[in-house]
Amino acid sequence: VEQAVEVRTTIRSLPRGLDAQVYTAAEASLLELARMFDPRELARLGRHLREQLTRIDTSPGGDGPANTGSQNGDREGADSGTSPGPAGGPAGNDNQDSGNDNQDSGNGNQDSGDAPADRRGLWITDLPGGSTRITGELDAEAAALLRSALDPLAKPRPADDGTLDPRTPAQRRADALVDLLHRTLATAALPVTGGVRPHLTVTVSWTALLGQGGTPATTSWGQPLPASVLRRLACDATVTRVVFDAASVPLDVGRAHRTAPADLRRAVIARDVCCSFPGCDRPPSWCEVHHVRHWIDGGRTSLDNLVLLCGYHHRLIHHHGWIVRIGHDRRPEFIPPPWVDSDQIPRRNPYSRHTSDLLRAATVA
Ligand SMILES: [Zn+2]
Ligand SMILES: [Zn+2]
C-alpha cells in the first residue's frame, strides 16, 4: 500500500505538460519497480525519475556542464523522445496558460537555427508537496548576468570554527537567489502595487500566528507555509490586521505596523555594524532584524531584544539550534548547539565590533 502511495506521489510530482506516452511509461516503470523495492528505495527512484524527466541542473558551483554546445545537445536530447518538453524544461504555468507556448517551442525545436534569445523562458511550477520548481533557459548574456549576481552570494559559508558549509551547491544557489530577491524587494526601485512595495504577502489566522493551530498560513500564491517559517518571517515584517466576517468579507483593516521602525533599525545597525552572527560580514542592507524573544511571545521591539542577521543566519537561528542572546555589555552573543560545541561557549562576531573596540581588546590582550 505504501508503495502505491509512493507511485502516486511521484506521478503527481512529474512536470506538467509531459506527453501522455511519457506519463504512461513513467507510471508503468514505477509500478514495476514497486514490486521490487521498499517505499524508501522507491521514493529515491521516483526522485531520480523525476529528475530525469525535468533535467534540473544539478551541477556543482553553477558552472554547469560544458555550456558551449550543451544548448544544442539539449535540443537533440529533446528530439530523442526521452525528454519532457521541447524547451528542455518542465512545462510550467506558461504551458497551462496557453497552448501556444507549447506549439511555438515545438516548432522552434525543428528549426534548430533559432536564436538563443528566442528560446528564453522561465517556468514556475507548484508541486503537490508545497514547494515550487523553477527552471528556465537564458541566452548567454542573461546567464552571465544571473551568474554574476548569484555567484558572490552563493559562496560556501564555513562556520568561524572552520566547519564546512553543509549546503549543497544547488542549495547555496537557491539561497542566493532568495537573498537577491529579498534585497531587490527591500529597495524602493521596483514599481509599487497599490501603494505598498511588492513583497512577500502571507495570510494567516491569528491563532496560527500564535502557534495555536488553525488554518495554516499561505502565501498570496496559495502555497502553504510551515509554522516555523512563519515565525521567522514574522520576526521582521509589516503586520496588517484584517478582520473577516463569517463569509470571509473584510470587516476591519488595522494599520500596518512595522515591527522594527526605521529609527530603531538604525540603532541596531549602529550597534551590530553587519550581520551579528560570528564570522559573518554581510552588510546591513542584506540583513533582517531578528527578535531575540519573538514579539509573538511578548518580546519587545527594543534595541535590547533585536539583532541584525543576514537571511542565511536568520534561517540558521530559527531552524538549526543556535541561540542568540544579548550579553552583559548589551551586545549580541551566540550559543552554539551542543552538536557544534559540547561546552556551548557563547561566541561573538569580530566583524560586529567597531575598530576602536577591536584595538582596545587587542591592547588588553
Ligand atoms: Zn527571527
Ligand atoms: Zn550572516
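Both counts, for ligands and for their atoms, begin at 1 and track the order of listing.
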Notebook entry, point to check: Is the closest side-chain donor-acceptor distance between H318 and S228 under 3.5 Å?
Noted result: no

Margin query: Between C274 and the Zn ion (ligand 2), is there a contact where an N/O/S atom of the residue lies under 2.8 Å from the metal?
Written below: no

Item checked: Set of residues satisfying salt bridge (charged side-chain N to carboxylate O under 4.0 Å, His left out) with respect to D329, sequence neighbours excluded -> R348

Check: Which atoms of the protein, restricted to N, O or S, are nearer than 2.8 Å to the Zn ion (ligand 1)?
Finding: C235 SG, H290 ND1, H314 NE2, H318 NE2

Item checked: D263/R266 ion pair, N-O < 4.0 Å -> yes

Check: Which atom, among the N/O/S set of H313, is closest to the Zn ion (ligand 2)?
Finding: ND1

Check residues 302-309 and write down every donor-acceptor pair under 3.5 Å in which the side-chain atom is one partner and the other belongs to a residue at least two apart or another chain.
| unit_1 | atom_1 | unit_2 | atom_2 | d |
| --- | --- | --- | --- | --- |
| D304 | OD1 | R330 | NE | 3.0 |
| D304 | OD1 | R330 | NH2 | 3.3 |
| D304 | OD2 | R330 | NE | 3.2 |
| D304 | OD2 | R330 | NH2 | 3.3 |
| N305 | OD1 | R293 | N | 2.8 |
| N305 | ND2 | R293 | O | 2.9 |
| N305 | ND2 | R300 | O | 2.7 |

Check: Which class fits the ring pair H290 and H314: parallel under 30°, tilted 30 to 60°, perpendicular over 60°?
Finding: perpendicular

Item checked: NZ or CZ of R325 within 45° of F334 ring axis and under 6.0 Å -> no

Checklist line | A144: partners by side chain to side chain contact (heavy atoms under 4.5 Å, CB included), with sequence neighbours left out | finding: none

